[in-house]
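All values derive from a computational prediction rather than experimental measurement. Nothing fancy with the numbering, it's 1 onward along the sequence.
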Amino acid sequence: MTTIRKPHLDSLAIGLLVLCCAFWGFQQILIKSTVAEIPPLWQASLRMGGATLLLLLWCQARGVSLFTRDHTLKGGLLAGLLFAGEFAFIYLGLQYTSASRLTVFLYTSPFVVALLLPRVVPSETLKRMQWIGLVIAFCAVAIAFSEGFLHSSPVAGQWRGDAMGLAAGIFWGLTTLTIRSTRLSDASAEKTLFYQVGVTALVMPLLSLALGETWSLDYSAQAWTSLGLQTAVGAFASYLTWMWLLRHYPATQMASFTFLTPVFALVFGVALLGEALTLQLTLALVGVAAGIVLVNRRG
């Protein structure tokens, strides 16, 4: 069945995107607070495994078929591998560079979508003013995290981490491109997400073992609460919402909202961790908001 797509984001889409980005920003704090207790790739393995189980239960309760032959297997496996690669590069890159530097490189993803997707989906082409908005939003994020570029990292081989952050951004963009340009564009949001979390749940434990991470289930209540939120709200509910939005709205316009995520992470740092509200963060908020408005303006 052909998917009905809307040419612009409406109030429902904007509201859902802001909620998703707000939680993803909060999730960065959850991951940061838990990584000292649960190794990063093992943490990702538990997240994606749990999200896969929740998705299977959701589909069974709602009667959504995940295993019907609909010619999505090829595109689905590719999207799953790209999704797994994105997370692997993020976690591995953090061993070589700071989170602030990696964040800037990661959020080159919307440019990958804006450059490549119109070649296969002409309706996703951005106009000049929309490109300006995208650049403004990216520059605002770069300003917010500029401290990571002004001070050298004490970790040797910083360029490797920067390169991995850039690779993660490219993989993120290519995942969106795959979803929009293959049979997945007409698949259910549940099936599209199943390919991604399912493949990642298989790949992450292998990477965790390869890096010699210690596996355990004996963690504090706080760590399990954090992991539960990351799994149920982050890897399941918010990603399922994102897949549904990709199925019905322009991906290039949606991509501009992702710049809110790192800014929300800084805002939550101020609100929950008592970090200082800086001029850089204020400029970032204004810049990202202005960029999103320009990307999504009509006419």
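The distance between the ring centers of Phe26 and Phe264 does not fall below 6.0 angstrom. Side-chain rings of Phe194 and Phe67 approach one another, their centers coming within less than 6.0 Å.
When only modelled atom types and interatomic distance are considered, Thr72 and Tyr195 share a side-chain donor-acceptor pair under 3.5 Å. Side-chain contact check for Gln230 and Ser226: at least one donor-acceptor pair (N or O, by modelled atom type) lies under 3.5 Å. Using a 3.5 Å distance cut-off with no hydrogens or angles, the side chains of Thr175 and Gln196 do not pair a donor with an acceptor.
In this structure, Ser185 and Ile179 have side chains that are not in contact, with every pair of non-hydrogen atoms separated by 4.5 Å or more. The shortest side-chain heavy-atom distance between Phe236 and Leu53 does not fall under the 4.5 Å cut-off. You'll find the side chain of Leu17 stays beyond 4.5 Å of the side chain of Tyr249, heavy atoms only.
Not a single donor-acceptor pair under 3.5 Å links the side chain of Trp58 to the backbone N or O of Ala237. A donor-acceptor contact shorter than 3.5 Å is absent between the side chain of Arg101 and the backbone of Asp162.
Rounding to the nearest 0.5 Å gives a distance of 11.0 Å between CG of Leu46 and CG of Leu41.
Between Tyr107 and Phe259, the ring planes are tilted. Angles from 30° to 60° get that label.
For residues 106-116, no pair satisfies salt bridge (charged side-chain N to carboxylate O under 4.0 Å, His left out), with sequence neighbours left out. For the salt bridge (charged side-chain N to carboxylate O under 4.0 Å, His left out) condition, the pairs that include at least one residue of residues 188-203, sequence neighbours left out, are Asp70-Lys191.
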Task: Trp131 vs Phe111, side chain to side chain contact (heavy atoms under 4.5 Å, CB included): CA-CA, chis, key distance, verdict - done: CA-CA 9 Å; Trp131 271 105; Phe111 292 99; 3.7 Å; yes

